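Have a look at the structure below before the remarks.
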Protein chains: 2
Amino acid sequence: MKYKLLENPDIEETYDLIDSGIRKKAVINIFAYCKVLYEGRALSQLDWGERFIMLKPDGSFLVHQERKIDPVNWQPPKSRHRALIKENNLILESHRRTPKEKLEVEIEKVHFASFALAEDYQELELAGYEKDMGDMIIKHPNMIEQGFTPTAREYNTEHGFIDILGKDIEGNIVVVELKCRKAGINAVKQIRRYLKDFEENDNDYLKEVKSKKKKIRGLLVAPDINEDAKELLEEEGIEFKAVDPPKELRSDKKVTLDIF
Amino acid sequence: MKYKLLENPDIEETYDLIDSGIRKKAVINIFAYCKVLYEGRALSQLDWGERFIMLKPDGSFLVHQERKIDPVNWQPPKSRHRALIKENNLILESHRRTPKEKLEVEIEKVHFASFALAEDYQELELAGYEKDMGDMIIKHPNMIEQGFTPTAREYNTEHGFIDILGKDIEGNIVVVELKCRKAGINAVKQIRRYLKDFEENDNDYLKEVKSKKKKIRGLLVAPDINEDAKELLEEEGIEFKAVDPPKELRSDKKVTLDIF
DNA sequence: GAATAAATCTCGGCG
DNA sequence: CGCCGAGGTTTATTC
């Protein structure tokens, strides 16, 4: 189930929704009449009122009022949430170890609530960065590996653009994803998604692969990779090549929209 | 209508919901497959993916992914939003003048969308602040006015706690609201709400007022007050008394939960 | 883990 | 409008 939406649910229905939402690692959204208590790096209280509550699968917890960009109360990623029913009210608790802090939301009435599994493989790309790295690799394809030949740039798939598409020395297709900073797990998920899209969609490359018995390789190119990403990488048979971004990367440049 | 909730709406239904939500000054929440472009203090693009979008009536605009407490893209308060339909996709635009910046969200598919008018009269109360001011006034009630006598602290009403309840020299009831910083319009709304709650609910104070033909006065106590607040204050017949918070306010103190 | 630096920092206050 | 300072800053990087 991709999402679930409840209008005017009672406390128990909401409890079940939150509980299953947390287990599914979904994003939970609630509009409710509530009261908030925070104890940790500071101590604060927010009396009864109607707010928007968001629980994210990374352990973030947000309570938004109808003003401001920042939440009025929150808990950072990696916090642990749980729900419980006390005296016919719903209590949402979020804890963190270091520093020790606790957020407690008491809910009296829920207007609507939902959980949703968001498919999102994209990271925000600030202008200029990946672009510079791509330029460098198009210019010097041997940086990636001996005999690599780029065939397309920003190749469109259903879920976004493959940074560089190319062939290796044996004629296998290579799907290259560039990151100018240490690659995280999302970069690997992104390549995995592209490989899937690529294999599911008919295209000239795919015909060639099938007819000539060639492989499709996934290759992540970044200055470094973190532990989580490395694990998934090996699990998925995706490769990694350490490449530092060009040095002028950090220089201030005038960027305009036309680079897209 | 307090809120409206649409499941799996088409682009035009969503457009109508957003349009009326903005006019009603409601908070709008959307879960959708979208793409984001930002141009302003920086330049960024976020390719297609499923995200949570929130538009607030103060002009804030948030795009949340399923990680982090900060939005991946946003626009600050006082931005101007509008929706339009282009080639069967829904476009949400948000502009700001100084600095000039623009956020553009292109939406292809909406899973669910809502607007909601949140009743919320409370501001976050950080421990120690109002408390210190209250202590000072309980100790020296003449600071507020000659002959003022506190009768209750944190007096409970339906919509929160009245900071100090007391009597003036003529025996009229005084509802006192404390702010340790410059009071805004919300402080006045809060007193107005308390006065209403107080008058609607039976209690001993109210009986006394009725039997002895006394008045109920609203009094805002803060170091200063802004123009908006002053206007509403006079309109509502609520009074204001300038009082600076105690100087030790900023000192680090050990605070515990029992102060609430 | 702690320490450090950047951020479309945000938010409030004051001139 | 601007600058300045604080924040439960958050976030990523380095050690």
Side-chain angles (χ1 to χ4, degrees), chain A residues 36-46 56 58-65 67-79 94-104 123-129 179-186 222-229 245 250 252 255, chain B residues 36-46 56 58-65 67-79 94-104 123-129 179-184 186 222-226 244-245 249-250 252 255:
Chain A
V36 187
L37 220 88
Y38 167 77
E39 197 188 342
R41 284 174 285 174
L43 179 61
S44 78
Q45 174 184 244
L46 182 64
K56 296 188 182 187
D58 70 341
S60 311
F61 192 124
L62 316 172
V63 181
H64 272 277
Q65 288 181 304
R67 286 157 25 90
K68 312 283 172 64
I69 304 177
D70 285 346
V72 61
N73 278 112
W74 71 96
Q75 206 65 313
K78 291 180 182 164
S79 306
S94 178
H95 289 263
R96 192 160 77 130
R97 283 282 172 75
T98 48
K100 191 170 168 62
E101 48 185 356
K102 182 178 82 172
L103 185 65
E104 199 181 301
E123 279 174 40
L124 186 70
E125 214 173 280
L126 278 159
Y129 289 57
K179 291 287 163 202
C180 60
R181 294 187 301 188
K182 194 171 193 174
I185 196 142
N186 273 329
D224 197 4
I225 184 169
N226 76 25
E227 212 45 50
D228 290 358
R250 295 260 160 189
D252 286 22
V255 283
Chain B
V36 187
L37 214 85
Y38 167 76
E39 198 188 341
R41 284 174 287 175
L43 180 59
S44 77
Q45 97 178 323
L46 183 64
K56 295 188 181 186
D58 70 341
S60 310
F61 192 123
L62 315 173
V63 182
H64 272 276
Q65 289 181 303
R67 300 168 64 243
K68 313 283 172 62
I69 64 178
D70 283 345
V72 61
N73 279 113
W74 70 93
Q75 204 70 312
K78 292 183 183 165
S79 305
S94 178
H95 290 262
R96 192 160 75 131
R97 282 282 171 78
T98 46
K100 192 170 168 61
E101 48 185 355
K102 182 178 80 171
L103 185 64
E104 199 181 301
E123 280 173 42
L124 186 73
E125 214 175 284
L126 271 159
Y129 288 59
K179 292 287 163 201
C180 61
R181 293 188 302 188
K182 194 173 191 174
N186 274 330
D224 197 4
I225 184 169
N226 75 25
D244 280 324
L249 194 71
R250 297 258 159 193
D252 288 21
V255 282

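Please read all numbers here as calculations on a predicted model, not as lab measurements. Side chains included, hydrogens not; waters and symmetry mates left out as well; all remaining heavy atoms used. In what follows, chains carry the letters A, B, and so on, assigned in the order in which the sequence lines appear, proteins first and then strands, with residues in each chain numbered from 1.
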### Query
If only atom types and distance count, is the side chain of A:Lys100 paired as donor or acceptor with the main-chain N or O of A:Arg41 below 3.5 Å?
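No: the side chain of A:Lys100 does not pair with the backbone of A:Arg41.
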### Message
Between B:Asp58 (side chain only) and A:Lys68 (backbone N and O only), is there a donor and an acceptor less than 3.5 Å apart?
### Response
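Present.
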Specify the separation, in whole Å, of atom [atom1] of [X] and atom [atom2] of [N].
{"X": "A:Leu62", "N": "D:dT9", "atom1": "CG", "atom2": "P", "value": "17 Å"}
{"X": "A:Leu124", "N": "D:dT11", "atom1": "CG", "atom2": "C1'", "value": "13 Å"}
{"X": "B:Tyr38", "N": "C:dA7", "atom1": "OH", "atom2": "P", "value": "13 Å"}
{"X": "A:Asp58", "N": "D:dT10", "atom1": "CG", "atom2": "P", "value": "13 Å"}

### Task
Would you mind telling me which residue lines up with the more 5' stretch of DNA chain C, B:Gly40 or B:Asp224, judged by nearest nucleotide?
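Result: B:Gly40.
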What residues form a side chain to side chain contact (heavy atoms under 4.5 Å, CB included) with [X], not counting sequence neighbours?
{"X": "B:Asp70", "result": "none"}
{"X": "A:Gln45", "result": "A:Leu37, B:Glu125, B:Phe260"}
{"X": "A:Pro71", "result": "A:Leu62, A:His64, A:Trp74"}

### Message
Roughly how many Å apart are C:dT8 and D:dT14, using the C1' atom of each and rounding to a whole number?
### Response
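D:dT14 and C:dT8 have their C1' atoms separated by 25 Å.
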### Query
Looking only at atom P, what distance separates D:dG8 and C:dA5, rounded to whole Å?
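Those two atoms are separated by 22 Å.
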In chain order, what residues pass the side chain to side chain donor-acceptor pair (under 3.5 Å) check against [X], with sequence neighbours excluded?
{"X": "A:Arg97", "value": "none"}
{"X": "B:Asp244", "value": "none"}
{"X": "A:Asn226", "value": "none"}
{"X": "B:Arg96", "value": "B:Glu101"}

Any protein N or O atoms within reach of nucleotides 1-3 of chain D? Criterion: under 3.5 Å, listing atom names and distances.
unit_1 : atom_1 : unit_2  : atom_2 : d
D:dC1  : OP2    : B:Thr98 : OG1    : 2.7

### Query
Counting any heavy atom closer than 4.0 Å, what does B:Gln75 reach on the DNA or RNA strands: base, sugar-phosphate only, or nothing?
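Here B:Gln75 touches no strand at all.
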For nucleotides 9-13 of chain C, give me every protein contact, N/O to N/O, under 3.5 Å, one pair per line with atom names.
unit_1 : atom_1 : unit_2  : atom_2 : d
C:dT10 : OP1    : B:Arg41 : NH2    : 3.3
C:dT10 : OP1    : B:Trp74 : NE1    : 2.7
C:dT10 : OP2    : B:Arg41 : NH1    : 3.0
C:dT10 : O3'    : A:Asp70 : OD2    : 3.4
C:dC11 : OP1    : A:Ile69 : N      : 2.9
C:dC11 : OP1    : A:Asp70 : N      : 3.0
C:dG12 : OP1    : A:Lys68 : NZ     : 2.5

